[in-house]
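Here the structure is a predicted model, which means the values were calculated and not measured. Excluded from the calculations below are hydrogen atoms, water molecules and symmetry mates; all remaining heavy atoms, backbone and side chain alike, are included.
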Amino acid sequence: MNIVQQAVTPLPDELIAKFRAIVGDRYAVTDPIDIAPYTTEERDLFRGRSPLVLRPGTTAEVAAICKLANEHRIALVPQGGNTGLVGGQTPHNGEVVVSLRRLDKIRDVDTASNTMTCEAGVILQVAQQRAADVNRLFPLSLGAEGSCTIGGNLSTNAGGTAALAYGVAREMALGVEVVLADGRVLNALSKLKKDNTGYDLRNLFIGAEGTLGIITAATLKLFPKPQAIETAYVGLKSPAQALKLLEISQGEAGNSLTSFELLADIAVDFSIRHGINVRDPLTTKHRWYVLMELSSPRNDARDALESILARGMEDGIVDDAVIAANLSQRQSFWKLRDEMSAAQKPEGGSIKHDISVPVAAVPAFIAEADAAVVKLIPGSRPVPFGHLGDGNIHYNVSQPVGGSTADFMARWHEVNKVVFDIVLRMGGSISAEHGIGVLKRDELPDVKDKTAIELMRSFKALLDPNGIMNPGKVL
């Protein structure tokens, strides 16, 4: 997607020198070749430009950068693992990039409080492993967990495959440390579950995509480590049948049901066709699939899962199913799911949507959206998959076979309107877990409550009066 880029005033050498003095020569990047990885992203959907990438190693250095930038009105783009999907981490107009990857310390692990305090640059997978090392669970889980960072997860309020049981990133953070635009540091790294001392400032910055301040650390919730995890791959006829299976699963397993993913056959086919060492766990093809997982502090997850599937078969809901026999098989089930986004790329252009509707409305949404999209662009291929348990569907549309990618992608906004109109009519959201960035910025005023937009603009003006914090994103 092309973003209209504005003319940018070159950054004076003397200012570059001042920024360089804050982080040290080694951590001020000016060579265009070295800058390139910070201005592009994996899908190559967005390409930016920047004269300078700063890689601070402490909160104090981030504060000094913001203070200097604010004094000279130099725009900053905070960046974590650069895995965002809506262009929020890209310097579209020559902004200075502030990479948080060197803030990678785990400051504290407190098993009595069940908390872990991480700096913003800690890789999600590292946080997961550190929790496991002390027999705890940090349940946030994403396809990009090997490269995305805690700061980025919180800035975008990431969701993931375990949101059904544990909630989204916002619900996993007890406190944050944030550097404001003027360089002041807000220390709200509380371990407390109960704290009624005024406004909850933490939630103002979580999900703000770096437009109000830069998250430099967070106190995260830890949970008991499951003793048993059981995973099943299920074939069935329709999303409506999948919804019935979800109701049975929640009734029998309760909070032990940690993931419930709905997968269209075309999404599975793409993963098998283009993924590495990906295969269909079932011997026969089905129109729809469910990937479900139960996690329990006791060794009773297997019995519960078998009971759910047996009832599903008795009721004519489940056509076929297989339960992972070991860790390797469980990982292969999830690999099929995790490959789905990347597997669409070899199929040509893909217009992607990260939407949510009430759980009960998911089957009707998919049916209506499929019909509307194919009517708009005959031959287009809807590829819906995602988190049925919380109503979040990644409703992607691949181009017609043999068609022009450029012509198809040029109709991005037309497809958006068709899909978003259905979403809004059903009381849903145009962004469930990826954020707004620049990709959905222009649509936001049309779908958000007008008073809410006014308040958002007021917060932005109060906290960032010079407009230096990730300008042009969200609002």
Handout entry: Steps toward side chain to side chain contact (heavy atoms under 4.5 Å, CB included) verdict (Val418, Glu414)
Key = CA-CA 6 Å; Val418 164; Glu414 290 180 70; over 6 Å; no
Hey, could you give me the [atom1]/[atom2] distance between [X] and [Y], rounded to the nearest 0.5 Å?
X	Y	atom1	atom2	value
Leu475	Ile453	CG	CD1	6.0 Å
Ser99	Leu54	OG	CG	9.5 Å
Thr231	Gln329	OG1	CD	9.5 Å
Thr115	Leu222	OG1	CG	6.5 Å
Met172	Asn153	CE	CG	9.5 Å
Asn416	Leu439	CG	CG	7.0 Å

Got a donor-acceptor contact below 3.5 angstrom from the [X] side chain to the [Y] backbone?
X	Y	result
Lys440	Ile430	yes
Gln344	Ser398	no
Thr156	His434	no
Asp464	Met469	yes
His92	Gly87	yes
Lys460	Thr211	yes
Glu261	Leu291	no
Glu339	Leu336	no
Arg330	Ala324	no
Arg441	Gly472	yes

Heavy-atom closest contact ([X] atom, [Y] atom, distance):
X	Y	answer
Met456	Val474	CE-CG1, 3.9 Å
Pro400	Ile377	CG-CG2, 4.1 Å
Phe138	Leu124	CE2-CD1, 3.6 Å
Pro56	Val23	CA-CG1, 3.9 Å
Ile206	Leu154	CG2-O, 3.3 Å
Gly159	Val168	CA-CG1, 3.9 Å

State, yes or no, whether a side-chain contact exists between [X] and [Y] at a heavy-atom distance under 4.5 Å.
X	Y	result
Val268	Met340	yes
His387	Glu433	yes
Ser350	Val383	no
Ile468	Ile74	no
Arg136	Met116	no
Pro384	Phe365	no
Leu85	Asp354	no
Pro37	Asn82	no

Regarding [X] and [Y], does a basic nitrogen lie under 4.0 Å from an acidic carboxylate oxygen?
X	Y	value
Glu209	Lys473	no
Glu454	Lys450	no
Lys18	Glu14	no

Problem - With sequence neighbours excluded, residues passing salt bridge (Lys or Arg N to Asp or Glu O under 4.0 Å) with Asp407 - result: none
Fill in the blank from the handout: Hits for salt bridge (Lys or Arg N to Asp or Glu O under 4.0 Å) against Asp104, two or more places apart or cross-chain, chain-then-number order -> none
Taking distance alone, no hydrogens or angles, what donor-acceptor pairs closer than 3.5 Å link side-chain atoms of residues 173-187 to residues at least two apart or in another chain?
{"residue": "Glu177", "atom": "OE1", "partner": "Thr59", "partner atom": "OG1", "Å": "2.6"}
{"residue": "Glu177", "atom": "OE1", "partner": "Arg107", "partner atom": "NH2", "Å": "3.1"}
{"residue": "Glu177", "atom": "OE1", "partner": "Thr216", "partner atom": "OG1", "Å": "2.7"}
{"residue": "Glu177", "atom": "OE2", "partner": "Arg107", "partner atom": "NH1", "Å": "3.2"}
{"residue": "Asp182", "atom": "OD1", "partner": "Arg184", "partner atom": "N", "Å": "3.0"}
{"residue": "Asp182", "atom": "OD1", "partner": "Arg184", "partner atom": "NE", "Å": "3.3"}
{"residue": "Asp182", "atom": "OD2", "partner": "Arg184", "partner atom": "NE", "Å": "2.8"}
{"residue": "Asp182", "atom": "OD2", "partner": "Arg184", "partner atom": "NH2", "Å": "3.3"}
{"residue": "Asn187", "atom": "OD1", "partner": "Leu189", "partner atom": "N", "Å": "3.3"}

Handout entry: Qualifying ring-ring contact (aromatic ring centres under 6.0 Å, His included) pairs with a residue from residues 165-213, counting only residues at least two apart or across chains
Key = Tyr166-Phe223
Show which side-chain atoms of residues 422-429 pair as donor or acceptor with protein atoms under 3.5 Å away, not counting sequence neighbours.
{"residue": "Arg425", "atom": "NH1", "partner": "Glu368", "partner atom": "OE1", "Å": "3.4"}
{"residue": "Arg425", "atom": "NH2", "partner": "Glu368", "partner atom": "OE1", "Å": "2.8"}
{"residue": "Ser429", "atom": "OG", "partner": "Ser431", "partner atom": "N", "Å": "3.1"}
{"residue": "Ser429", "atom": "OG", "partner": "Ser431", "partner atom": "O", "Å": "3.0"}

Determine whether more than 12 heavy atoms belonging to other residues, nucleotides or ligands lie under 6.0 Å from atom [atom1] of [X].
X	atom1	value
Asn203	CG	yes
Asn277	CG	no
Asp133	CG	yes
Lys67	NZ	no

Exercise for the section: Verify side chain to side chain contact (heavy atoms under 4.5 Å, CB included) between Val122 and Arg130, making sure each step is shown before the conclusion. Expected result: CA-CA 11 Å; Val122 172; Arg130 186 68 181 93; over 6 Å; no
Exercise for the section: Step by step, work out the side chain to side chain contact (heavy atoms under 4.5 Å, CB included) result for Glu61 and Tyr27. Expected result: CA-CA 11 Å; Glu61 289 181 359; Tyr27 301 114; over 6 Å; no
Practice task
Quick one: list whatever passes ring-ring contact (aromatic ring centres under 6.0 Å, His included) with Phe385, sequence neighbours left out.
Solution key: His394
Practice task
Show the numbers, then the answer: is there a side chain to side chain contact (heavy atoms under 4.5 Å, CB included) between Asp370 and Tyr395?
Solution key: CA-CA 9 Å; Asp370 283 358; Tyr395 188 81; 2.6 Å; yes
Exercise for the section: Decide side-chain hydrogen bond (donor to acceptor under 3.5 Å, both in side chains) for Glu41 and Gln89; before the verdict, give the C-alpha distance in whole Å, the side-chain angles of both, and the deciding distance to 0.1 Å. Expected result: CA-CA 9 Å; Glu41 40 86 46; Gln89 79 280 19; 5.2 Å; no
